[in-house]
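Positions are given from 1, in the same order as the sequence printed here. Excluded from the calculations below are hydrogen atoms, water molecules and symmetry mates; all remaining heavy atoms, backbone and side chain alike, are included.
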Amino acid sequence: MTRTLEEITKLGEEIYLKELKGNLEKEHMGEYVVIDVDTKHYFVDSDSLVALEKAKKKYPDKIFFSVIVGSLNSTTINFRKNQSYAWTF
């Protein structure tokens with residue numbers, strides 16, 4: 001299923017806020033979480049690129065939602081193969 005960047009962002013925010021935020025903030029505050037919105041699998045690391053590489057290794061052709069744990073006001077990253085997109089909310 002192909003999703004727009006806007007859909008991935010909306011779903012990623014929903015998954016983070018409703019399903020992951022509480023648990024992640026207890027142990028990973030300030031770290032990066034990269035979420036595959038289709039499977040709801042996520043990857044956490046203190047380095048954003050390492051978290052992204054973990055996600056790419058499992059899902060090489062996907063676009064991901066990423067956020068710093070504890071803040072939706074931080075830069076998010078979506079990635080597909082050799083293209084990456086970034087913006088600030």
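The shortest heavy-atom contact between A55 and V34 is CB-CG1, 3.7 Å.
Salt-bridge annotation for K58 and D36: absent, with no side-chain N of the basic residue lying under 4.0 Å from a carboxylate O of the acidic one.
With sequence neighbours excluded, the residues that form a side chain to side chain contact (heavy atoms under 4.5 Å, CB included) with L24 are Y16, L20, H28, V33, Y42, V44, V69. Residues that satisfy the salt bridge (Lys or Arg N to Asp or Glu O under 4.0 Å) test with K10, not counting sequence neighbours, are absent from this structure. Residues satisfying the salt bridge (Lys or Arg N to Asp or Glu O under 4.0 Å) criterion with E25, sequence neighbours excluded, are K21. Residues forming a ring-ring contact (aromatic ring centres under 6.0 Å, His included) with Y59 (at least two apart in sequence, or on another chain): H41. For the salt bridge (Lys or Arg N to Asp or Glu O under 4.0 Å) test, no residue two or more places apart in sequence or in another chain qualifies with E14. Partners of D47 by side chain to side chain contact (heavy atoms under 4.5 Å, CB included), not counting sequence neighbours, listed by chain and number: D45, L49, V50.
No side-chain heavy atom of K40 sits under 4.5 Å from any side-chain heavy atom of I35. For the pair R3 and L11, the minimum side-chain heavy-atom distance is below 4.5 Å.
Residue L52 forms a side-chain contact (heavy atoms from CB on, under 4.5 Å) with just one option from F43, Y32, F64, and that option is F64.
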